[in-house]
Amino acid sequence: MSRIIFTFIAAISLATSATAQAGNWKIDPMHTSAQFSVRHLAVSTVRGAFTKVSGSATFDPADLSKTVLDATIEAASVDTRVDMRDKDLRSPNFLDVEKFPTITFHGKQTKAAGSGKLQITGDLTIHGITKEVVLDVDGPSAAIKDPWGNQRIGASASTKIKRQDFGVNGLPAVVGDEITITIDAELIQPQAK
């Protein structure tokens, strides 16, 4: 009997958690970051980040086909902690942020990829070129209520791309072609009013 009660309570808890996560979410830019890493001269790894990320998601754990993710990164917000390198990355040698001010991702298909994991296939646009990529996602986490009554979830997504596929061709003998991208996102669902 106690096993049946425990199973029932666990099922209710999971259903409540799933219900709390369903719905529309906004990326919290203050608690979200997009990082990248690339090889330099094939001897070291340079890491950087984009400090301005925004977007939204619709998440339905009961029907992942209804899950949608849209994210926008301001290309000029690139930060590698070296001013001269950041200026070069913003220039036409690399991101050409005057001509291509944003990097965008639009999710097209979401599927489960194991316990607590998803794969989101979508269109990534960098430097005006769009290619399909797959994000490997850890999460989303169970929803929690923040001190202001809003629901919050978190997730971490990663993928690898070849920068030259996106027309980012500067210094091929110095900067590696493969770039690892990681996005750590916190999403917020404001309380109902």
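Reckoned from all heavy atoms, side chains included, excluding hydrogens, waters and symmetry mates. Note that this is a predicted model, so its numbers are computed, not measured.
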Working to the nearest 0.5 angstrom, can you tell me the gap between [X] [atom1] and [Y] [atom2]?
X	Y	atom1	atom2	result
Ser65	Lys111	OG	NZ	14.0 Å
Asp60	Leu64	CG	CG	7.5 Å
Asp79	Asp86	CG	CG	5.5 Å
Phe94	Lys87	CZ	NZ	16.0 Å
Phe50	Ile183	CZ	CD1	10.0 Å
Ile73	Lys52	CD1	NZ	13.5 Å

Are [X] and [Y] packed together at the side-chain level, in the sense that at least one heavy-atom pair is separated by less than 4.5 angstrom?
X	Y	answer
Phe105	Thr72	no
Leu187	Asp28	no
Val133	Ile161	yes
Thr104	Asp70	no
Phe36	Thr80	yes
Phe166	Lys131	yes

Spell out, yes or no, whether [X] and [Y] are grouped together once hydrophobic residues are joined by side-chain heavy atoms under 4.5 Å, including indirect joins.
X	Y	result
Leu135	Val68	no
Leu89	Val174	yes
Ile179	Leu171	yes
Leu124	Phe100	no

Over all heavy atoms of both residues, which pair between [X] and [Y] is shortest? Give the atoms and the distance, please.
X	Y	value
Val97	Ala76	CG1-N, 3.7 Å
Gly170	Val175	O-CB, 4.4 Å
Leu118	Pro140	CD1-CD, 3.8 Å
Leu95	His127	O-CD2, 3.5 Å
Ile27	Val53	CG2-O, 4.3 Å
Thr51	Ser77	N-OG, 3.1 Å

Indicate yes or no for a side-chain donor-acceptor contact from [X] to the backbone of [Y] under 3.5 Å, with no hydrogens or angles considered.
X	Y	value
Thr32	Pro29	no
Ser91	Asn93	yes
Ser141	Ile153	no
Asp146	Asn150	yes
Gln189	Ala22	yes

Practice task
Given side-chain contact (heavy atoms from CB on, under 4.5 Å), test Thr58 with Trp25 step by step and report yes or no.
Solution key: CA-CA 6 Å; Thr58 301; Trp25 300 84; over 6 Å; no
Handout entry: Distance-only donor-acceptor check, side chains Asp123 and Thr130, under 3.5 Å
Key =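 Absent: no donor and acceptor within the cut-off.
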Handout entry: Side chains of Asp184 and Ser156, donor plus acceptor under 3.5 Å
Key = yes
Exercise for the section: Would you list the pairs meeting side-chain hydrogen bond (donor to acceptor under 3.5 Å, both in side chains) in which at least one residue belongs to residues 157-180, sequence neighbours left out? Expected result: none
Practice task
Using side-chain contact (heavy atoms from CB on, under 4.5 Å) as the criterion, list what pairs up with Val134, not counting sequence neighbours.
Solution key: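 side-chain contact (heavy atoms from CB on, under 4.5 Å) list for Val134, sorted by chain: Gln119, Thr121, Asp136.
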Practice task
Verify the neighbour count for atom NZ of Lys108: are there more than 12 heavy atoms of other residues, nucleotides or ligands below 6.0 Å?
Solution key: yes
Show me the donor-acceptor pairs, under 3.5 Å and distance only, between side chains in residues 37-47 and residues at least two apart or in other chains.
from: Arg39; atom 1: NH1; to: Thr45; atom 2: OG1; distance (Å): 3.0
from: Arg39; atom 1: NH2; to: Ala42; atom 2: O; distance (Å): 3.3

